[in-house]
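Structure first, then comments.
Given the structure is predicted, the values throughout are model-derived calculations rather than measurements.
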Amino acid sequence: MLAFLFALGVTAFQFVDLGLAAAKVNHAAQEAAYVAGSNLEAAGGSVTPCWAVAGGLTHPRGYADAAICETVVENLGNVDPNLVTVSVSPASLVERSKHTPVHVTVSYSQPIGSPLLRALMGGTFTSSSEASSWSN
């Protein structure tokens with residue numbers, strides 16, 4: 001009986017962790033959409049956005065849309081940025097003119113460690129959130 005209660009406790013702990021990660025992803029997408037709509041300038045001279053480069057989320061300087069990547073990482077908290085994908089539409093800063101909707105999608109694929117939860121949900125849980133903002 002004790003082993004069952006322990007397994008149930010570990011499963012409940014990870015289930016709550018998945019919910020918190022989903023809330024962080026949602027908040028990060030909303031904040032990144034606000035920044036994407038507010039900041040129409042590229043960081044540095046690069047035309048490659050930071051979210052399209054491996055490791056660009058953690059080291060966005062020198063790439064376009066550095067403010068978006070910094071915002072996503074800041075709002076995710078302790079979530080591993082290597083497991084996060086970001087997409088911004090329209091991707092090109094040239095296409096983002098005034099009064100254009102900007103869509104940001106943030107996805108996080110979290111591995112599931114609890115054997116019971118893994119049996120029910122699979123090996124990973126993907127949280128995804130899309131947010132939009134109008135450019136100024």
Side-chain angles (χ1 to χ4, degrees):
M1 183 72 167
L2 190 59
F4 175 74
L5 290 176
F6 178 75
L8 192 62
V10 169
T11 301
F13 178 76
Q14 179 140 39
F15 192 72
V16 168
D17 187 46
L18 293 174
L20 290 175
K24 289 177 185 179
V25 167
N26 185 33
H27 182 68
Q30 291 174 355
E31 290 295 321
Y34 175 75
V35 169
S38 301
N39 186 3
L40 296 177
E41 297 179 9
S46 175
V47 294
T48 304
C50 57
W51 42 267
V53 178
L57 279 176
T58 54
H59 304 291
R61 292 291 171 203
Y63 296 107
D65 288 336
I68 294 172
C69 292
E70 290 171 349
T71 300
V72 168
V73 171
E74 286 173 7
N75 285 286
L76 286 176
N78 63 347
V79 170
D80 184 4
N82 296 319
L83 301 175
V84 175
T85 58
V86 177
S87 66
V88 180
S89 175
S92 169
L93 290 170
V94 176
E95 295 173 357
R96 288 187 225 156
S97 60
K98 290 191 179 279
H99 309 294
T100 302
V102 179
H103 306 282
V104 176
T105 303
V106 178
S107 297
Y108 173 56
S109 295
Q110 182 176 6
I112 296 177
S114 166
L116 182 59
L117 203 54
R118 191 179 316 127
L120 296 172
M121 299 177 68
T124 59
F125 176 75
T126 302
S127 305
S128 185
S129 182
E130 182 177 338
S132 300
S133 180
W134 287 89
S135 60
N136 295 330

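Without hydrogens or angle criteria, Gln14 side chain to Gly113 main chain gives a donor-acceptor distance under 3.5 Å.
Ala28 and Leu76 make their closest contact through CB-CD2, 3.8 Å (heavy atoms, listed as atom of the first residue, atom of the second, distance). For the residue pair Arg118 and Ile112, the shortest heavy atom distance occurs at NE-O, 3.1 Å. Contact between Val79 and Lys24 at its shortest, heavy atoms only, is CG2-CD, 4.0 Å. For Pro90 against Thr100, the heavy-atom pair with the smallest separation is CG-CG2, 4.4 Å. The heavy-atom pair separating Ser129 from Asn26 by the smallest distance is OG-OD1, 2.8 Å. Taking both residues in full, the closest heavy atoms of Val73 and Leu57 are given as CG2-O, 3.3 Å, listed atom of the first, atom of the second, then distance.
For the side-chain hydrogen bond (donor to acceptor under 3.5 Å, both in side chains) with His103, the qualifying choice from Ser132, Ser89, Ser87 is Ser132, the only one to do so.
To the nearest 0.5 Å, atom OH of residue Tyr34 and atom OG of residue Ser133 are 8.0 Å apart. Here the OG atom belonging to Ser114 is positioned 9.0 Å from the CG atom belonging to Leu8, to the nearest 0.5 angstrom. With rounding to the nearest 0.5 Å, the separation of CZ in Arg61 from SG in Cys50 is 9.5 Å. Interatomic distance, Met121 CE to Thr126 OG1, rounded to the nearest 0.5 Å: 9.5 Å. Separating the CZ atom in Phe13 from the CG atom in Leu18 is a distance of 10.5 Å, to the nearest 0.5 Å. A distance of 4.0 Å separates NE2 of His27 from CG of Asn75, quoted to the nearest 0.5 Å.
Under the 4.5 Å side-chain criterion, counting only non-hydrogen atoms from C-beta, Leu83 is in contact with Pro111. Looking only at side-chain heavy atoms (C-beta outward), Val35 and Glu70 stay at 4.5 Å or farther from each other.
Phe125 and Tyr108 fall into different hydrophobic clusters, where Ile, Leu, Val, Met, Phe, Trp and Tyr are joined by side-chain heavy atoms under 4.5 Å apart, directly or via other members.
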